[in-house]
2 protein chains.
Amino acid sequence: MNFQERKKKILTAVEESGSLSVFELSDKLGMSPATIRRDLHDIAEEGLLLRTHGGAMKIENPVLTSFVAKAGSNEENKEKIAQLAAEYVADGDIIFLDCGSTVFKMCRHLKKRNGIKVITNSLPIMAELIDVPSISLNLIGGEIDKQRKAVHGHKAIEHIGGYHAHKAFIGIDGISAQNGLTAHSEHESSITSAFIKNASQVFVLCDSSKIGKDSHIKFGSLSQVNSLFTDQDLDSSRKKQLVEKGLDVVIAK
Amino acid sequence: MNFQERKKKILTAVEESGSLSVFELSDKLGMSPATIRRDLHDIAEEGLLLRTHGGAMKIENPVLTSFVAKAGSNEENKEKIAQLAAEYVADGDIIFLDCGSTVFKMCRHLKKRNGIKVITNSLPIMAELIDVPSISLNLIGGEIDKQRKAVHGHKAIEHIGGYHAHKAFIGIDGISAQNGLTAHSEHESSITSAFIKNASQVFVLCDSSKIGKDSHIKFGSLSQVNSLFTDQDLDSSRKKQLVEKGLDVVIAK
DNA sequence: TTAAAATTGATTATTTTTGATCAAAAGTAA
DNA sequence: TTACTTTTGATCAAAAATAATCAATTTTAA
């Protein structure tokens, strides 16, 4: 295994667990502690991780800590959905990410991709990805929604209209065979519409609890969606209804 | 467990419970009291917690102090300049804030104002003000400059052009009677120019070390500036030169 | 192919960290 | 105040981790 490979593995390992000792890394990669130390020294010099006595820690951005994402319900399923969705991102892609909590969980997996560009209105996503060298970030401007830690408003819509992405990954309040895509606020629905309109492919991330439920603002049809990613708890009759409408439903396992 | 990890644990523990004794921490982390004392000493020196007899307490204003932690040379002067500048902001103002470090320090003082709107390209400023109910925030969109934790690029310029502010508060790389305003990157200078162009009043925050110094990109004249805020270390001959050019130079004390 | 360069793991001297001890300082109660 | 207890910071020896060195191996270039 060469240095580049080890570097990548070390970075993802440290990213996942927060901190690791030289010996843990040595075991994990099957390399001698001496080599791991040399690697850590070099990687730390690049500023990609924090060298500690005995190991290394991931660098956290003290300035942007106010954007840490809140933990909600259904975390395990959401995590699986996010991982599945991230597999649909290829190196070099330009992608839209909205401010949904499941979409946020894609970040961790995106760090492995190379040369992708992320265009987002989510402040937690920005905070999470700002220190990843392989990802370039474009932040959508406009009014700040303090509760949702996101940007919205007409300026944001205008901003999105100025870009075209290969893929859009969006969360959604409700989706059903009868009413298509629904939201419970104008702000959200207009942002989501803009993402859909300006992306070649549209992927919806949605845990099974929201499928078949409708919110009160209808804003899009199923035909605009390329794939729906959801979890194995999805009712089979609901799935059938969606598939019959021509939607590609992918279950995360 | 190494110092960095302990530091993290100590800080979150103290944050949660408000205050903890050396022995409580010693138990919690499984380290000797001697080590905990050393840690508390070091962490307190960084200004991240308050050392008490027998333990430690949390500090009430954590975000700001973490910035103070990486304090540079002229910090005291910058703090005074920021405080002075903040006095020029009135309730109800719409203001531009750029991503200068001195401008950032205005945040603390702005929290006392009512009903102001802040339009900024600085991520730290946004992070600092996002939880202040009396301030509404507009984030400038565009490419993220990861090092400077700011937004820039042509989209950002366009965004600024869509707004008009009562006042603009800007930091600057160099200012002199001979060459006016100078910067050392195109990105910065174009953003600053946009702020100047779209604000009724322009205030420059600049510690005395940068006055009389020129960077290589000239981008504005002194006549565009309403007031220059600086510190008492300003050379009197330099001050005279600027005043003769018609600039209002205000010294922070 | 061979020679040169780079990488790796082991060895070792050096540095860093840690916990114990103890005198001095700080806090507490009478 | 004084006597007593707690906490502290300094010092030191043991333990842990590191950087430097070197030989063996692998890779690269000729």
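What separates CZ of Phe23(A) from P of dA10(C) is a distance of 12 Å, to the nearest Å. Across the protein-nucleic acid pair, Met1(B) atom CE and dG19(C) atom P stand 9 Å apart, rounded to whole Å. To the nearest angstrom, C1' of dA16(D) lies 13 Å from CZ of Arg51(A). Nucleotide dG9(C) holds its C1' atom 13 Å from the CG atom of Asp39(A), rounded to whole Å. Nucleotide dT7(D) holds its C1' atom 15 Å from the NE2 atom of His41(B), rounded to whole Å. Separating the CG atom of Asp42(A) from the P atom of dA20(D) is a distance of 12 Å, rounded to the nearest angstrom. In this structure, the CD atom of Glu5(B) is 14 Å from the C1' atom of dT17(C), given to the nearest Å. Summarising the geometry, the separation between CG on Leu25(B) and C1' on dG19(C) is reported as 17 Å, rounded to the nearest angstrom.
Here the options are Lys105(B), Lys111(B), Lys149(B), the test is salt bridge (charged side-chain N to carboxylate O under 4.0 Å, His left out), and the partner is Glu128(B); only Lys111(B) passes. For the side-chain hydrogen bond (donor to acceptor under 3.5 Å, both in side chains) test with His109(A), the passing option among Gln83(A), Glu79(A), Glu87(A) is Glu79(A); the others fail.
Candidate nucleotides dT16(C), dG27(C), dA19(D) were compared by shortest atom distance to the side chain of His53(B), and dG27(C) ranks first. Among dA26(C), dA17(D), dT18(C), the nucleotide with an atom closest to any side-chain atom of Arg6(B) is dT18(C). Of the candidates dG19(C), dT8(C), dA19(D), dT8(C) carries the atom nearest the Met31(A) side chain, counting heavy atoms from C-beta on. Comparing dT8(C), dG19(C), dT8(D) against the side chain of Ala34(B) picks out dG19(C) as the nearest. Counting only heavy atoms from C-beta on, Arg38(B) has its side chain closest to dT11(D) among dT7(D), dT18(D), dT11(D). Candidate nucleotides dT18(D), dG9(C), dA20(C) were compared by shortest atom distance to the side chain of Thr35(A), and dG9(C) ranks first.
Between Asp233(B) and Asn77(B), the side chains place a donor N or O and an acceptor N or O closer than 3.5 Å (distance only, hydrogens not considered).
For Arg37(A) against dG9(C), no side-chain N or O and base N or O form a donor-acceptor pair under 3.5 Å.
If you check every strand for non-hydrogen atoms under 4.0 Å, Thr52(A) touches sugar and phosphate atoms only.
Lys117(A) pairs by the salt bridge (Lys or Arg N to Asp or Glu O under 4.0 Å) definition with Glu143(B), not counting sequence neighbours.
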### Task
For the pair Ser200(A) and His164(A), evaluate side chain to side chain donor-acceptor pair (under 3.5 Å) and give the outcome as yes or no after the intermediate values.
CA-CA 8 Å; Ser200(A) 303; His164(A) 184 86; 2.9 Å; yes
